[in-house]
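In what follows, a structure is listed as C-alpha cells, so that the remarks can point back to it.
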Protein chains: 2
Amino acid sequence: MAQAVRHDAMRARNLALVLGEVNARGSLTRAALAEITGLTKTTVSKLVADLIEAGLVVETGAVRDGERGRPGVVVRVSGEHVASVGLEINVDYLAVRVVDLSRTVRLRRTQAVDNRFAQPGDVVALLRDLALKAVDDAVDMGLRVVGGVLAVPGPVDQRTGTVHNAPNLGWRDVPVAALLELPFPVQVENEANLAALGELWFGSGLSDFLHVSGEIGIGAGLVVRGRLFQGSHGFAGELGHVVVSPDGPACRCGGKGCLEQYASQDALAAATGLPPGAGPHGNGAHRTGAQGGGASGNGTQTTPGGTTAGDISWIVSRLEAGDAAALAACERAGWALGVALSSAINLVDPDTIVLGGIYGPLFPWIGEAVAATLTSRLGQMRDAVPPVVVSRLGTEAAALGAAGQVIQRVIADPAALLQT
Amino acid sequence: MAQAVRHDAMRARNLALVLGEVNARGSLTRAALAEITGLTKTTVSKLVADLIEAGLVVETGAVRDGERGRPGVVVRVSGEHVASVGLEINVDYLAVRVVDLSRTVRLRRTQAVDNRFAQPGDVVALLRDLALKAVDDAVDMGLRVVGGVLAVPGPVDQRTGTVHNAPNLGWRDVPVAALLELPFPVQVENEANLAALGELWFGSGLSDFLHVSGEIGIGAGLVVRGRLFQGSHGFAGELGHVVVSPDGPACRCGGKGCLEQYASQDALAAATGLPPGAGPHGNGAHRTGAQGGGASGNGTQTTPGGTTAGDISWIVSRLEAGDAAALAACERAGWALGVALSSAINLVDPDTIVLGGIYGPLFPWIGEAVAATLTSRLGQMRDAVPPVVVSRLGTEAAALGAAGQVIQRVIADPAALLQT
DNA sequence: ATATTTAGTCCACAACGTAGACTAATTCAG
DNA sequence: CTGAATTAGTCTACGTTGTGGACTAAATAT
C-alpha cells in the first residue's frame, strides 16, 4: 500500500515538484518556482541546486525581461546528461530511439525486418545490437542512458517482462526483457499503450484522449489526466476485439464480428482486393535493410522517417486514384470504428479520440465516417461527442512513447536518480 | 498538479498510513503498526495518540496472546464518533443510510415513492426531511455526521453537484446538491459508480471488478486496485449503451442495438409479456409509503430490506413457474450482457464481473448465459475469462457506497478532520 | 525469584522547510 | 549620473517531525 513519509521522502516529493514544473513550463526562475509551488525561495534554491548538481537542470543565464528589479536566473531541464532508449519490435521493422531528458530526440534508427516468421531469439539479438550501438552513440554525445522501454505488438506481463501473446509475430510467452540483457533496466509494454503515451508526450499536447493504433491488429491506449489507464492486469485497450456485430465474420480471438474484422490493415487489404498478408510480407523471407533516420539534433516533431508498418501506401494510392473498392472498404472501416468507439466512449468516457497508426494516412477517407457514426449513435445523450482527430506521429508514436516513459519516470522521481 | 510537501503534509500522510492499516487489518497493537508501516515505535505512538484524541481510533485493552513479553494494547477504528450519510434517489424509492467510521450500518431508512412523474423540488424536499431525521437519530447515538453522498440514477457533474440527465426520473440539469441544503457537504454521484463502491466496501471483499447495476437502465462501475475509474469527465461506465448489435432496436440514446434494449428491466418486462412502465409504476400517482428497515446495530451484510427497484419479483415468479417467454427473455438478456461485457473486458480489463441490481435475483436464470457468451467470445485469446459472480447487496449497494465514500475520505485523510 | 522477551515512552538529535533579514542587480525618477 | 524602488536570490535562527537507542513496564520461562 502506501509508504511512510520521512524527511527524505518529503525532499524527494519536492524535488519532483520543482523538476515537474520546470519540465512543464519550459524555463523558469527560482522566484517563479517559489510562487508556483508555494515553497519558500530558500527551499526552492536548495532543491534547484541539487537538481543542477545532478545534471537534471541547467541555468541558462539571467533574463532581462524589461521589468524593474534584479533579473532572475532562468533554469530549464538539461538535455545534456540523462537519456533513455525507446525500443520497438514490430511485424516489419525494429526501431530504436534515444531521447534526452528535455524530450529531444537525439537518435532515430529504424531497421526494416520481416519478423512474421522469425525466431524470437534472432529478433531480440538483432534488436540488442541496435540498442547497444545506440547506447554507444549516446555515450559519445555525453549522455548517460538510465533505462529503456520496449514496445511489442501485444499484451505483456509487465512484472516479468514477458510477451504474453503477440499473434502477428507468432510469439507466445516470450521473456523478451530477460533475453535482451541490456546494461540498464528495460521494461516491456504493449505497443498500443506506448503509442498513446507517445502522443501524450510528443504529440498534440492533449492530456485526455483515447489513442487508437491501427496496425496489423488494432489496439488503443487510454490517457486520463496525463496518465495511462492499464486495467487490472495491464491488458486494457484491446479495441480490436470490441464487438461491432455479434454475428459478423469469425475472428481469431474466438469471437465474431470484432472490429479487427472490419478495420484492421489486413481487413482493409482484403476488402480492397489484396489477399491479407500479401504485399511486402508473406514471402517468408527474413529480409533486412533500409535504415531510416540517423542522429537528428533538434526538434521532436520531425516527419516520421523509416518504413511504414505494412503496405498502407498501396491502399492510399488506390484511394487517391478513386478506386471504388478501396473507398468502400474505408467507408465500412470508418463505420465499424465508429461503432466500436461508441461502445468505448460509453465505457471509458475519453475526452478526445486520436486516430494513429495506419489511420493517420487513411484519415482523409475514414475520419468522416467515424465522426458521423459517433454523432448518430451518441449525439442524443450527451452535450458533445468527443472530437475525432488524427495523430501526427505515425509509426513514431510507440518508440517515442517507450523512450518517453523512462524520461517521465525520472521527472516524476528525480530523487531515485540522485542516490545512484 | 502536485502539492508541496511540508511537515504538516508529512504528518498527514503518516496519520493516513496508520489509520489505513488499522482500518484494513481490523485491530493492531502499536508495535505491529510500527513493523508494518516501517515507522518507529515512537512515531507510531504519537500518531496513534492523535488519532485517539480525535476519536477516530480506540484502544480495546491489552491482548494476552500467550506469547512471552509485555502484551500490546490493541487499537481499532472507533465507530462511536464519526459517521456519514448515504442518500439515494431512485425511480421508485428514496433511501438513507447512516454508517459509522468502522463501516457499521447504524441506520437504514427506505421510503417507497414513485418519482417518475414527480417534480425534482418535491423529491429533494422529501429526501431532505429523511436525511435530517437520520442526522438527528445519529446525533442521539452520539455520532457526528461529517458528510454525505447522494446517489442518483444518471450521469452527474461532480463539480457542481448537478444531475446532468436522469432519463428515468425525467431530470435534466438539476442542481440537487444545492437544493438539498444539508448542514454538511454533500457530493452527488452516479448510482452505478456508488453501487460498485458499495460492493467494494460492504460486499464480497474483492478490490478489482466491474460491477454491473441492472435497474431501469444499466450502468457499471469499474474498480481497479480499490479505486473507482471515472473517465475523463466522470461519465465512465455507461454499459447500457454499449453496442450489442449495430442494427438492433432503436434506443433512446440515438443508437441502435444498445445493451439496454436487451437486458434492462423494461426490456425484460416487455419480452416477458408486460408492457414497459406498467406494473407498480405508470399510473401517474405519487404514492409514498412502506418504510423498510430502521436502526440495526450490528453487521454490515444484512439482507437488503425495503422495496426492490421495479417489479422484478413479478418476473422472478414467472421464471420460477417455468414461463417460457420469461426464460427466453433471460436467455437473450444473458447473451446480450455477455456480448457487451466481452467488449468491456477487452477495453478495460477487469478482474471479475459482479452482477448487481436486478441481476441479483435474476442471476440463476442469466448467469450461465453470460458466462457462456464470455467464454465463447474471449476464451481463445486469454488464459482466463473473468469469472461472473453475483452481488449480495441488491438494492443496498448504491446507498451504502454513498455512505462509504465519506468514510473512505476520512480514512484516506484523517488530518483534514483533525483541523476542524 | 530471576532471566528473558516484548510493548511502549523518553530524550537527544538529524533532516527539512519557514520566515524574515540581508545582499545583489536591475529600472525609474530627477 | 545618483539614489530610490523593486525584484532575485542567499543566509541564519527556528519550528516541526521522524529517528535511534536508552529506559521503563508487563508479561512468560526457568
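Residue numbers start from 1 in every chain, and the chains themselves are labelled A, B, ... in the order their sequence lines are given, proteins ahead of strands. The structure presented is a predicted model; accordingly, all values stated were derived computationally and were not measured.
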Nucleic acid footprint by protein, nucleotides 21-27 of chain D - heavy-atom cut-off 4.0 Å, B for base, S for sugar-phosphate alone = B---BBB
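The backbone N or O of B:Val74 sits less than 3.5 Å from a side-chain atom of B:Thr60, completing a donor-acceptor pair. Judged purely by atom type and a 3.5 angstrom limit, B:Arg13 has no side-chain atom pairing as donor or acceptor with the backbone of B:Asp8. For the pair B:Thr104 (side chain) and B:Asp100 (backbone), a donor-acceptor distance under 3.5 Å is absent. The main-chain N or O of A:Arg97 is never found under 3.5 Å from a side-chain atom of A:Arg106 such that the two would form a donor-acceptor pair.
One distance of note links CG of A:Leu418 with CZ of A:Arg11; it measures 9.0 Å at 0.5 Å rounding. Atoms CZ and CD, from A:Arg227 and A:Gln230 in turn, are 9.5 Å apart once rounded to the nearest 0.5 Å.
In terms of phosphate contacts, A:Arg6 brings no side-chain nitrogen or oxygen within less than 4.0 Å of OP1 or OP2 of D:dT17. Under 4.0 angstrom from either OP1 or OP2 of D:dT10 there lies at least one side-chain N or O belonging to A:Ser45.
Along DNA chain C, read 5' to 3', the first and last nucleotides having any atom under 4.0 Å from a heavy atom of chain B are C:dT4 to C:dT18.
Looking at heavy-atom distances under 4.0 Å, A:Val44 makes no contact with the nucleic acid at all.
Of the N and O atoms on the side chains of B:Asp208 and A:Ser232, at least one donor lies less than 3.5 Å from an acceptor on the other residue. Side-chain contact annotation: B:Arg103 with B:Gln408, donor-acceptor N/O pair under 3.5 Å present.
Put simply, CG on B:Leu47 is 16 Å from P on D:dT16, counting in whole angstrom units. Protein atom CG of B:Asp8 is 7 Å distant from nucleotide atom P of D:dT17, rounded to whole Å. Rounded to whole angstrom, the span from the CG atom of B:Leu17 across to the P atom of D:dT17 amounts to 16 Å.
Place A:Val74 and B:Met10 on DNA chain D by their nearest nucleotides, and A:Val74 ends up nearer the 5' end. The nearest heavy atom of DNA chain C to B:Thr29 and to A:Thr43 marks one nucleotide each, and the one closer to the 5' end goes with B:Thr29.
Within 3.5 Å, a donor on the side chain of B:His7 pairs with an acceptor on the base of D:dT16, or the reverse.
Ring pair B:Phe229/A:Phe229 is tilted by interplanar angle, where 30° to 60° counts as tilted.
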